[in-house]
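Here's the structure we're looking at; comments come further down.
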Protein chains: 2
Amino acid sequence: MVEMPAEERLGLDIKRAEQELIAAKQVAVRAAGLTVPQYAALFALAGSPGISGAALARACLVTPQAMTVVLKNLEERGLVERTTHPWHRNVLETRLTERGRVALEAADARAVTIERAIADELAGEERETLRALLTRCGEAIRRASAEL
Amino acid sequence: MVEMPAEERLGLDIKRAEQELIAAKQVAVRAAGLTVPQYAALFALAGSPGISGAALARACLVTPQAMTVVLKNLEERGLVERTTHPWHRNVLETRLTERGRVALEAADARAVTIERAIADELAGEERETLRALLTRCGEAIRRASAEL
DNA sequence: GGGACGATATCAAACCTTTGATGACTATCA
DNA sequence: TGATAGTCATCAAAGGTTTGATATCGTCCC
């Protein structure tokens, strides 16, 4: 029934790597009182102050509904603040608060050590190779997904 | 404050690839009425009939609690059955039902097309390279995580 | 036998995620 | 002006995930 052995499924390798990554990051940012999605949101927010929730969701590769939950928890804890856009009354501008900036810094300092370890493990050329291979996987996935 | 530019963070590339993968698989297995975690559980279950819930959780790289929820939903729909182990009364043996086997086959037929697309996109040598690079990333992550 | 240890299952709380549906606002075009 | 399309926020439902704590059972060792 299963015509493709698990050993040949590259998706499992990608998934395993990503799960180890997210588990490590979870431990890293947790010391700053953040979850990985919260950290990702704060990180994107630091680079685009005043962005809308929907745009932030796109930046973090999640749905607007998922981002709403994350922002709600962040706002309750005073790490972000949301104000109605002066012109587009329908838009809520979101910004880091000072406390949010501090939390992001603390989390990022630890998260960077993970990224640093990955970058240091691979030579410059290998990094580009990995990136290129992953990109091609993504393209193949999109193609296959389109004609499913 | 953010001393490492986002472009240098390989973790983002891994995460992006994995998210495209899981999104595509989600669409694929959904036609069979399954979620990705349910599909993963049934897949592992097919290879190890009578396995315990905790062992199944380890095989799927999730916590026993997460697997409990997945199995509860699968059992409610009659796709798996759980019986107490004859010797170890504390253990619940889990097995695929006939309906579960059918659902798994339907889901796997579609999921394999995704894996096939990835495997076809890359030459044999490239597959090994990708696998090796991902493995080294995992090792680096574990090392960094250990001394965090 | 009795106690420590390990594996299993389970309850609870908090959070994240998706799909689907809805209402509101802005801008564009006829 | 009015219709249309696009963007945004939000409610609801279902499912998955983690951490933390607890109870039971089986095994190993003293």
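Lettering follows sequence order; numbering is per chain, from 1. Here the structure is a predicted model, which means the values were calculated and not measured. Below, all heavy atoms of this structure are taken into account, side chains as well, without hydrogens, waters or symmetry copies.
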**OP:** For A:Thr63, report the nucleic acid contact type (base, sugar-phosphate, nothing); a contact means any heavy atom under 4.0 Å.
**Re:** base
Original post:
Are any of A:Asn73's side-chain N or O atoms less than 4.0 Å away from OP1 or OP2 of C:dA14?
Top reply: no
Original post:
When A:Glu75 is tested against each of A:Val80, A:Leu92, A:Thr97 for side chain to side chain contact (heavy atoms under 4.5 Å, CB included), which residue passes?
Top reply: A:Val80
For the backbone of [Y] and the side chain of [X], can you confirm whether one donor and one acceptor N or O come within less than 3.5 Å of each other?
{"X": "A:Arg136", "Y": "B:Glu121", "result": "yes"}
{"X": "B:Arg77", "Y": "B:Gly33", "result": "yes"}
{"X": "A:Ser145", "Y": "B:Ala24", "result": "no"}

I need the [atom1]-[atom2] distance between [X] and [N], as an integer number of Å.
{"X": "B:Glu76", "N": "D:dG15", "atom1": "CD", "atom2": "C1'", "value": "11 Å"}
{"X": "A:Met67", "N": "D:dC8", "atom1": "CE", "atom2": "P", "value": "13 Å"}
{"X": "A:Leu61", "N": "C:dT17", "atom1": "CG", "atom2": "C1'", "value": "13 Å"}
{"X": "A:Leu71", "N": "C:dT17", "atom1": "CG", "atom2": "P", "value": "11 Å"}
{"X": "A:Lys72", "N": "D:dC11", "atom1": "NZ", "atom2": "C1'", "value": "13 Å"}

**OP:** Following the transitive rule for hydrophobic clusters with a side-chain heavy-atom cut-off under 4.5 Å over Ile, Leu, Val, Met, Phe, Trp and Tyr, establish whether A:Tyr39 and A:Val69 coincide in one cluster.
**Re:**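 A:Tyr39 does not cluster with A:Val69.
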Subject >> Partners passing side-chain hydrogen bond (donor to acceptor under 3.5 Å, both in side chains) against A:Arg131 (at least two apart in sequence or in another chain) >> reply: B:Asp13
Original post:
In the 5'-to-3' direction, what one-character label does each nucleotide of nucleotides 2-12 of chain C receive under the scheme B = base within less than 4.0 Å of a protein heavy atom, S = sugar-phosphate only, - = no such atom?
Top reply: -----BBSBB-
Original post:
What is the minimum heavy-atom distance between A:Ala28 and A:Arg110, and which atoms define it?
Top reply: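 Taking every non-hydrogen atom into account, O-NE, 2.8 Å.
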Subject >> Shortest non-hydrogen contact from B:Gln38 toward B:Asn73 >> reply: NE2-CB, 3.8 Å
Original post:
Tell me, which of residues 15-31 of chain A have any heavy atom that sits under 4.0 Å from an atom in DNA chain C?
Top reply: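 None - not one residue of the stretch has a heavy atom sitting under 4.0 Å from the strand.
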